[in-house]
Asks: 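Okay, here's the structure, questions in a sec.
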Amino acid sequence: MTDDDTEKKGVAGFMSRAKEQAQSTTEKLEDGSAFEALEHAAESFAANTMSEGKLFETADAVSDYRLKDVDVTDTTCGYCAVGCRFDIYSKDGEVLGVRPNPEKAPINGISTCVKGKFSYEYVNSEDRLTQPLIKENGEFREASWDEAIKRIVAELGRIKERHGADALGVISSSRTSNEANYLMQKFARQVLGTNNIDNCNRLCHSPTVAGLSQTVGFGAASSGIDAFENADCYVMAGSNTTEAHPVLATKIKQNIKDNGADAFVFDPRKIQMAQFATQYSRVKPGYDTVWINGLTRYIIENDLHDEEFIEERTVGFEEVKEGVEKFTPEFVEEKTNVPPEELKNAAETIAKADSCVFCWTLGLTEHSHGTENVISMANLALVTGHVGTEKSGLAPFRGQNNVQGGGGDMGPTPGNFPGYQKVTTDETREKFEDAYGVDLPDKRGLTVTEQFLAADDDEIRGMFVQGENPIYSEPNLNHTDEIITGLDFLAVQDIFLTDTAKHADVVLPANASVETNGTFTSSTRHVQLVKRAVDPPGNAKPDWEITQKLAKRFGYDWGFRNPSEIMDEINELTPIYAGITHERLETEGSIPWPCWDEDHPGTPNLYLDEFNTDDGKAHMFPTDVSGPVEADMDDEEFPLALTTGRVLYQYHTGTMSNREPGIRSYTDELFAEIHPATAEKLGISDEEYVKVTSRADSITVLAQVTERPSEDVIFVPMHYFGDDGIANRLTDAEHLDPQAHVPEYKVTDVRITPVESESAQSAPNPVAADGNGQNDN
Ligand code: SF4
């Protein structure tokens, strides 16, 4: 075959795919003429009577024709927090397609991943909630908005009157907009009178917020998007970037390929990024302070640290220097399995690089000592001087689309008003009291995990849950189920009747991300507009409108006419958002906070001049040897370590992605990755059902025999929900990080056993379409 033939074959393949797409879309447009034109052009091309240029000209014309009758809305992705922007093409309430528009997409340019591009069938799912529901005699019946709101206000009001405001708990959602989350915290504090408000950020990156607040000031990424594209070196810890944050991974891989950047991957699993890395180090799960402190020690011992930076911009170096003394290469190898030569190679390259980005995700944070892990990473970045420059920085990759903004910046957390202003600081609280016209509670509220423990003790009696599914996202979910069932009153606001919602007394139908206006804030702190491409179904309403209705029935008439007006209140009360308005975002596209006033351009890179601390310096703190809680327990019965995480073709607890047939065709069933040597020892074959048992419970999953995990580790993704197959049945709810209160999702002692063939027939636990909730674990 000649090159010309090959090229023609490629073009013919393209045409064939274009024809299929044109046919499906033109059928929706009830007009076949575009398809016919394309078909005719393809036939002419095949018969050599049409040139390739003419063929593409025809394809462009057909494309323009197809688009003339559809609505185009530029918006921000509602899946992960990379913050990709694109145009959504829709008609008659249906999302037809997605195309990035580089002019309006500062983070992703022309890229998107499979979820952002193709996962919108859930929007029109028949399972969508379209009408408020009230439970009577154990059954739901449809109700009017007025009746549902009245019931919620009466029940929450009754509990408050009898037991006090702190007998109420509110869970907000990192999936919803900044404006919706701002109102949720205002509702909890001003209307209900409690700081018992939290969100799924608690279950993922709260150690990042706690660790970075103490060391550098802001609980957020310090580096901008330029750093991901141009850094000389990356340290990647506990981040399966190609699957969890695909567009960021593309930028990093491109930089490695084009510019020879170095990447050091430390992870218990040989994830895909290991193939692109300068060096992959397989670490024992749960001992991250050890290898990180080992790197810091090696760098200091060998005078590779940045003395000038340390002297001018940090405090605490001597304490850290002393604290890392015990982390010799031999000690690191003994505790983590990282060989001395790998430690040395990484330490020398990181220290000598002109710039370095330190990237992590939940593999570093979801531990009983997650905050110590983050502080150790910040220390490493600081001793090498790789913070506060344009190509270096600290880069926690956030999970849910708006966990940075909605889950943190907007203050739906027990200790913070919006902008990380403390509820315990008198001056700050007085500012909010003046704005809200009421006295506000002056003590910190309860985290999500603490709220459930308090509910177990009957101290919390009523809950309002917005866009979350704690029955699946909390650890040890059997216990969570019991606690939720025991509440006096539960109201849930969501897009589907989640398993948490099934326990509710009142359910309110809300909007999907493509059905509302507002803003999301990306992992890199870029605030970006979200726009309504289609209307919510039936009587469902935007989240912010629902909260406003509730407040009004309680006697607080906020009077917001749209999310833009809510942002105007946010920027009045929140210094880091002070200059951000919807009008500016419309013209400027995106603004990274802090943005101190209307003339401030925003801050892509933090700490170029000083850190966000009282003295402007970064504060280093020594950290010690930390390991998983269950490591100290008798492990004869549970000899393997279970670690959980994400896969590319799914999203969080599956609310949206489990309703996408195309997406599900790739990974439709819960599985456990098991090393071949372990499988052989236990008599387990690939694709066989196995039982995984922890101290909490058992689940049945399909074995996937692979060398990705080590011999003593198994991996189970956390997106799936069948009768038996929920990863969080196995995890531990009791051992929390003392500062951030995140549970130890990432290391659970387990054993695996083959399932007998007769029971294997009934063992499959295909993905249930009601796997809901938006936890970021
Ligand atoms: Fe959406 Fe994240 Fe994929 Fe970008 S990388 S398209 S933000 S899911």
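For ligands, and for the atoms within them, numbers begin at 1 and follow the listed sequence. Starting from 1, each residue takes its place in the sequence as its number.
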Asks: Could you give me the CA-CA distance, side-chain angles and deciding distance for Lys531 and Glu586, then say whether salt bridge (Lys or Arg N to Asp or Glu O under 4.0 Å) is met?
Replies: CA-CA 11 Å; Lys531 295 187 187 167; Glu586 192 62 67; 3.0 Å; yes
Asks: Taking side chain as C-beta onward, heavy atoms only, is Glu229 less than 4.5 Å from Asn255?
Replies: no
Asks: Is atom 2 (Fe) of ligand 1 under 2.8 Å from any N, O or S atom of Cys84?
Replies: no
Asks: Would you indicate whether the side-chain heavy atoms of Ser174 and Arg398 approach each other to under 4.5 Å?
Replies: no
Asks: For atom 3 (Fe) of ligand 1, what's the nearest protein heavy-atom neighbour? Residue, atom name and distance, please.
Replies: Cys113 SG, 2.3 Å
Asks: Can you list the atoms of ligand 1 that are under 4.0 Å from a heavy atom of Pro246?
Replies: 5 (S)
Asks: Please could you name the atoms of ligand 1 that Gly116 approaches to less than 4.0 Å, counting only its heavy atoms?
Replies: 6 (S)
Asks: Which of the atoms of ligand 1 are close to Gly83, meaning less than 4.0 Å from one of its heavy atoms?
Replies: 7 (S)
Asks: Please test Asn511 against Asp543 for side chain to side chain contact (heavy atoms under 4.5 Å, CB included), starting from the C-alpha separation and ending with a verdict.
Replies: CA-CA 6 Å; Asn511 63 269; Asp543 296 297; 3.0 Å; yes
Asks: So if I count the atoms of ligand 1 from 1 in the order they appear, which ones are less than 4.0 Å from some heavy atom of Tyr79?
Replies: 8 (S)
Asks: Evaluate the ring planes of Phe218 and Tyr607, with Trp represented by its six-membered ring, and classify them as parallel (under 30°), tilted (30 to 60°) or perpendicular (over 60°).
Replies: parallel
Asks: Between Arg99, Arg532, Arg85, which is the residue that forms a salt bridge (charged side-chain N to carboxylate O under 4.0 Å, His left out) with Asp74?
Replies: Arg85
Asks: Check each of Thr519, Asp409, Asn571 against Tyr577 using the side chain to side chain donor-acceptor pair (under 3.5 Å) test, and report the only one that passes.
Replies: Asp409
Asks: Please report which non-hydrogen protein atom sits nearest to atom 1 (Fe) of ligand 1, along with the residue it belongs to and the distance in Å to one decimal place.
Replies: Cys77 SG, 2.3 Å
Asks: What is the nearest protein non-hydrogen atom to atom 5 (S) of ligand 1, stated with its residue, atom name and distance?
Replies: Val247 CG2, 3.6 Å
Asks: Could you find the nearest protein heavy atom to atom 2 (Fe) of ligand 1 and give me its residue, atom name and distance?
Replies: Cys80 SG, 2.3 Å
